[in-house]
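Fair warning: this is a prediction, and the values are worked out from it, not measured in the lab. Counting convention: from 1, in listed order, for ligands and their atoms alike.
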Amino acid sequence: MSRSPSLPDRPHRDIDPDLPPGERLEALRDHFEDLVTINDQLETQLENASERNQTLREQVERAERENETLKSSSLYVATVEDVLGDGEIVVKQHGNNQEVLTEATPQLVERIDAGDRVAVDDSFAIQRILDAETDARAQSMEITERPAVEYEDIGGIDEQIREVREAVEQPLAEPEVFAEVGIEPPSGVLLYGPPGTGKTMLAKAVANRTDATFIKMAGSELVRKFIGEGSRLVRDLFELAREREPAIIFIDEIDAIATTRTESKTSGDAEVQRTMMQLLAEMDGFEARGEIRIIAATNRFDMLDRAILRPGRFDRLIEVPEPNQEGREQILEIHTREMNVDDDVDFESLAADTEGYSGAEIESLATEAGMFAIRNDREEVTQADFVDAFEKIENDDSSDVVASAGYFYQ
Ligand SMILES: Nc1ncnc2c1ncn2[C@@H]1O[C@H](COP(=O)(O)OP(=O)(O)OP(=O)(O)O)[C@@H](O)[C@H]1O
């Protein structure tokens, strides 16, 4: 059907007033019949137009529903490994490296090549090809709708959990409390301490508890991988958080973009400086009582540019130290929860032996002990397995353990 149907011809019938009455009546009757025909034609056209209107309305509604579904369901990033015939495509999912045979619409298949990055949905159907810009954004940020970490999974830092809940969870969950008392919650929280002590876990656990989207960006990657794009990606980061409110922005290794400036004025320094300025600008323009909370983490507190610690920026500092004896015992218990552990396993003595170990290293110890049990064809993990694991770790990389135990972070 044409978009604008033409109107039927208007009948031109000049009826001669001098005609005898019979002929005039005849002419008028003809004219009336013409008008009836035209009326019928117009009615048909109107019906067609209403039908088309209805179809278009349905199409719009469908598109809106699809758009909503796309907006509310996450897409995952994958790399195209191979384009087979008949629209079949092999992709490798990022994160778990799983290879999947999937398909795409004929229009997309034509444009897809091996090596392209694509966005896939829950059932791995390719939704679109990522352009360089989206790709950088997707690669530089880790977005999790609801991270699977809970406070009970974190051992030995109860006091830090309490502080984070107060500074991040409460303003998100009960903003009215702050409004009533008339104080602003901390703008940003900085977690500092040695590597592998649970800083990322803490940020994820708050997101889990508050049903907030967790958006992580690694400072070091901004500087190393996305050279020249740092400040734009920082802007994107905050924009994305606004789109996904409530959200928790987690900037790991913030020292990479917020180090005290050296004398050297290389172009790399200028770029890092710009990235930091953008971060400060975003934070300064931020409504602290809003639905977005910012957490940063660093292992190098000593290197931080003090400008980021001013009021209104990262104004709540929380030290996350290495676990003490009790903490190590708790972490051992957490990481052996799912394991079949023999009654003879003595967590207290293991915790005493692992002084200087971080939570991440204690987790490796538990995994390694499990490996010894498997090697010996046992389902139960014994004290001897833990001792063997401990010796293996100490011999393998005693230097690493020592280095991290004495890690300089303050
Ligand atoms: N306190 C803890 N309780 C339980 N598990 C822990 C703890 N700390 C670390 N782990 C284990 O180590 C892993 C890494 O911890 P996480 O990423 O939170 O450390 P981090 O402090 O953010 O380290 P980094 O500074 O290197 O980024 C966790 O996934 C967890 O399995």
Do R328 side-chain atoms and A351 backbone N/O form a donor-acceptor pair below 3.5 Å? yes
For E245, which of T213, L172, I292 qualifies under side-chain contact (heavy atoms from CB on, under 4.5 Å)? I292
Taking only heavy atoms of the protein into account, state which residues are under 4.0 angstrom from an atom of ligand 1, in chain and number order. D153, I154, G155, P195, G196, T197, G198, K199, T200, M201, D252, N299, I331, H335, G359, A360, E363
Inter- and intrachain pairs under salt bridge (Lys or Arg N to Asp or Glu O under 4.0 Å), touching residues 192-216, at least two apart: E142-K204, R146-D211, K216-D252
Would you check if the side chain of Q160 reaches a backbone N or O of E319 as a donor-acceptor pair within less than 3.5 Å? yes
Check the side chains of E322 and S358 for a donor-acceptor pair under 3.5 angstrom, ignoring hydrogens and angles. no
Among I254, L237, I294, which residue meets the side-chain contact (heavy atoms from CB on, under 4.5 Å) test with L279? I254
